[in-house]
Amino acid sequence: MTTPSATSVYIHFPYCLRRCAYCDFATTVARDIPRDAYLAAILAELQLRARDLTPAPIATVFFGGGTPSLWGANNVGAVLAWLDRWAGLPADAEVTLEANPGATEFSTLAEYAAAGVNRISVGIQALDDRRLRALDRVHDSAGALGALKQLGELLGAGRLRSASADLIFGAPGQTLADLQADVRRVLDHGLPHLSAYSLTVEPGTPLHQRVERQVQAAPDEDLQADMLAALPALCAPYGLSRYEVSNYAQLNHTCRHNLAYWTGRYYLAAGVGAHGFLPAATPGWLGRRYGNARSHQKWLSAVTRGAFAEELSEDIDAETHLAERVLTGLRLTEGLDLEALRRDVGEPLSQALLQRAHKAIARGRPLQVSGTRICVPGEALHLLDALVLDLV
Amino acid sequence: MQASHIRNFSIIAHIDHGKSTIADRILELTGAVEARQMQAQFLDSMDIERERGITIKSQAVRLHYTAKNGETYTLHLIDTPGHVDFGYEVSRSLAACEGALLVVDAAQGVEAQTLANVYLALDGNLALIPVINKIDLPSARPTEVCEEIEEGIGIDTTHAVFASGKTGLGIEDILEAVITQIPPPQGDLEAPLRAMVFDSHYDAYRGVMVQVRIVDGSVKKGDKVYFMESGGEFEVLEIRVRTPKEVIVDGLSVGEVGVLICGIKAVRDVAVGETVTQAKRRATVPLKGFKHVQQMVYSGIFPVDSAEYQTLRDAIEKLALNDSAFSWEPETSSALGFGFRCGFLGMLHMEVFQERLEREYNCELITTAPSVIYRIHKMDGTVISLSNPGDLPPTGDIDEIREPIVKATIHTPTEYIGAVVKLCTDRRGAQKDMRYMSPTRVVLEYEIPLAEIVFDFFDKLKTATRGYASLDYEFKEFREGDLVKLDILLHNEIVDALSVIVHRDKAYEKGKSLAEKLRKVIPRQQFDVAIQAAIGARIISRETVKALRKDVTAKCYGGDISRKRKLLEKQKAGKRRMKQVGNIEVPQEAFLAVLSTDDD
């Protein structure tokens, strides 16, 4: 028997030029970003975590943020080189970098591609200057279009294997026609992947405060529902189909890294506020989830001392993992693989889940059980959260 | 202890006039509790009592006091509840005493419950010692308050004690007054035992703890005793007194107060107010009891999860063991399933009981809107009593519906008379009397349907008078009213647990506001939910909860699956607090929406 290992790696780069109104990720707005110090700290944490892991060839790497395109291609390359030395980074591994338009002054997208990144996900969010300003984005629509053009060229030249853009929909003032225009202008550049998120007011964000103080309208849920329903048809002409609640891709262009999250795989994570899922250190558990400190000073000072800075450490038992698998697995249009689930959590728990699914179906809930999969049909994905409650 | 050296007394006061603080100081001064062990409201042992600043259960405590005349006395201090709901408990405690301290706040003056409690005490021929409390307050007006007591209640205040529970001022004077002004117990030590049961509570290890006051004779450990009303015969296994630490004593004789432990299983096996005598040498005439408890408000209590029925039943049974003022019986609702119909002394009693079920027994409850008891005179000449609107017979069978009317006494500063009169008139009250206690304070007497005041009348009264008015009420009679049943339909089905009985003149307005309120509290579901209010077959209002269009998290927080899972657990807990009525998920608060009468 082989020791299970993490074949996905997440690296968080928290620094941004400006904080976006809706963002509740671990971010730090900084004028002078400590790019080199941050690399040293990331490598220190990776080394520390690698001690307890059996290396296995890495399948996916994801540089998320924050704005990792502010880090510099040399630093990103250094992390990849370290991973390759530690566990092996095969040529077919998916290496994604999140980039923001107008935040590539230290390295061009082409330079990142040259450093080993083969998939770039660019935060477009909107192609309308007024809406971009309302979201506090640092770029304007011209900058966004420039970034899309570059991506199209890199893809065409074979210097990137895949690319994606993020859009945010349902901000007050946006119409269905606006969304249609945004999607077209993005996909016209030949991108094989799109993430389209409905604007969500998360507690603790500037947006939340503005909505609370009534200086900004709350998103209209009915309109967001219409937009969510319209998106598959908007993407279809470009060959993109929905594979997750908010994600659309051409064949073979799904994000394998995110799929690892959603199918319960282990992943190693490093950086400020990064969340990882690793094999359990103690027998009897399925794994351990950890979350690093969200404060960059706290994290930096710990890892440079050779210590972890975890704010969350949670041993995951089979039952808890089952709930995780249901709530992530049903987000996928292909649904939850019961066979894989049975291997991970055991027969009784997976059988009980199947029974709950049949009961929910009998009550008229829009679920399907076909073969070894439970899934929510596309036309019912907009009510997913309520459905999940019936199953856990 | 010789009866001549015993004094039994209670403290009666309007709520917040400082009764518990005075008791605390007395405990300190007599050395019963050392200052360092002292915690505020020492005699209030329940968390809820301390949190809400109220006394719910009576407590008797034995103290020793060496008076200025050099003699040492045994004092039994019997604490009483102050809230209007618990007037019944007050009367029980007073039955065990020869006297009472009448504590009146030096700033607030005489209030409705001061008066109500005084009447209870006078009924029982108790000696009253007026104590003007909180005289350290800048707003204290002790002379005026004494005038109020003399003119409004007719009690001599020559020997009134000025005191401050906060600073301890006057506490010794109070104890001296207890010795000199309250008569010692008068009883015949040689006569057959007659002991008055004035309270009882349940202890998980010892069974029922019977609180008694010995009137004649004596009792000791090992005696066989006979309960004259319930007819049970038991052996006295142990006798305890609180000092306030519980200590075991050999026996009790004339005038003494203590707890008999007889291995009795349930509180209902002992009637509060009954007389205990010796099984071998029985007394012939029982003591005059006191009026039996009357529940004023009824409400359905159901488990949110039907599978928790037995758990809820066990919890109610356990709490009921300790609460002889509470009544309950099984009830079935087509909307809520199996549950219980419970009777309470008032709204506070109900809230406290429900809170204890939730807190101490972790029960998840759905409570239906409280209702009073109605008397239904049927066409066939029979009369039925009911508190559940769902039990109402078909309209054709009903000759008339009678509702309970209470006599409400309201004390208010004169400047708020207009506001109080308006409130009472809105609530179908009829003014019976208005008299001045002093140039600035007035007493209003109303006859008013109980149903109009049990819910939020007291709050409204307080708001209308900036907190200055006080209220007391007592049952008067059942009287015919033009009453109708208002039904609520969800998806065209009557939800029995949401039906209410209302006055015809208010039915339309009530139906409209109820439907609106339900629209606000029922969450959007996966389909449109129609809410209708109806009287008989006539729909008087209609609202719709629009179907939920979107319920999905946009982004799964990257790799932070824990966060999403915790969110899910929270939603799950929220869902558990919903009741499935047909296909519709109805939150707990919907069943109480009937309560609030405002449009807010």
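Residue numbering restarts at 1 for every chain, and letters A, B, ... go by the order of the sequence lines. Side chains included, hydrogens not; waters and symmetry mates left out as well; all remaining heavy atoms used.
- Summarising the geometry, atom OG belonging to B:Ser562 is positioned 9.0 Å from atom CZ belonging to A:Phe277; distances are rounded to the nearest 0.5 Å.
- Contact of the A:Val392 side chain with the B:Lys572 side chain is registered, since non-hydrogen atoms from C-beta on lie closer than 4.5 Å.
- A distance-only check finds no donor-acceptor pair linking the side chain of A:Ser246 to the backbone of B:Lys555 [under 3.5 Å].
- Within a 6.0 Å radius of NZ in B:Lys462, other residues, nucleotides and ligands contribute more than 12 heavy atoms.
- Checked for salt-bridge contact, B:Lys575 and A:Asp390 meet the test: a charged N lies under 4.0 Å from a carboxylate O.
- The distance from the NZ atom of B:Lys550 to the OG atom of A:Ser198 is 3.5 Å, given to the nearest 0.5 Å.
- Considering only heavy-atom pairs separated by less than 4.5 Å from chain B, the leading option among A:Gln224, A:Arg363, A:Glu244, A:His257 is A:Gln224.
- Atom CD of B:Glu358 sits in a crowded spot, with more than 12 heavy atoms from other residues, nucleotides or ligands closer than 6.0 Å.
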Under the salt bridge (Lys or Arg N to Asp or Glu O under 4.0 Å) criterion, do A:Arg289 and B:Asp560 qualify, and how do the steps go?
CA-CA 9 Å; A:Arg289 291 197 182 275; B:Asp560 186 359; over 6 Å; no
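- Chain B forms more heavy-atom pairs under 4.5 Å with one residue of A:Thr328, A:Thr320, A:Asn258, A:Leu199 than with any other, namely A:Thr320.
- Surrounding CZ of B:Phe338 are at most 12 heavy atoms belonging to other residues, nucleotides or ligands under 6.0 Å away.
- Atom NE2 of A:His382 is separated from atom CG of B:Leu548 by 8.0 Å, given to the nearest 0.5 angstrom.
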Between B:Val552 and A:Arg331, is a side chain to side chain contact (heavy atoms under 4.5 Å, CB included) present by the stated rule, with each step listed?
CA-CA 9 Å; B:Val552 60; A:Arg331 296 180 66 83; 4.3 Å; yes
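- Within the 4.5 angstrom heavy-atom criterion, no atom of A:Ala269 approaches chain B.
- Look at B:Arg565 and A:Glu324 and you find a salt bridge, because one of the NZ, NE, NH1 or NH2 atoms lies within 4.0 Å of a carboxylate O, short of that distance.
- With a 4.5 angstrom heavy-atom cutoff, A:Leu228 touches chain B only via side-chain atoms.
- B:Lys564 is listed as a side-chain neighbour of A:Asp385, based on a closest heavy-atom distance under 4.5 Å.
- A:Tyr261 approaches B:Ile561 most closely through the heavy-atom pair O-CD1, 4.3 Å.
- Counted within 6.0 Å of OH on B:Tyr508, heavy atoms from surrounding residues, nucleotides or ligands total 12 or fewer; the atom is thus considered open.
- Contacts of A:Tyr10 with chain B are absent, with no heavy-atom separation under 4.5 Å from either backbone or side chain.
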Contacts table for residues 523-538 of chain B: side-chain donor-acceptor under 3.5 angstrom, sequence neighbours left out:
from     : atom 1 : to       : atom 2 : distance (Å)
B:Arg524 : NE     : B:Lys546 : O      : 3.4
B:Arg524 : NE     : B:Ala547 : O      : 3.4
B:Arg524 : NH2    : A:Asp222 : OD1    : 2.9
B:Arg524 : NH2    : B:Ala547 : O      : 3.0
B:Gln525 : OE1    : B:Glu585 : N      : 2.9
B:Gln525 : NE2    : B:Pro523 : O      : 3.2
B:Gln525 : NE2    : B:Glu585 : O      : 2.8
B:Asp528 : OD1    : B:Ala547 : N      : 2.8

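- Between the CG atom of A:Leu387 and the CG atom of B:Asp551 there is a distance of 8.5 Å, given to the nearest 0.5 Å.
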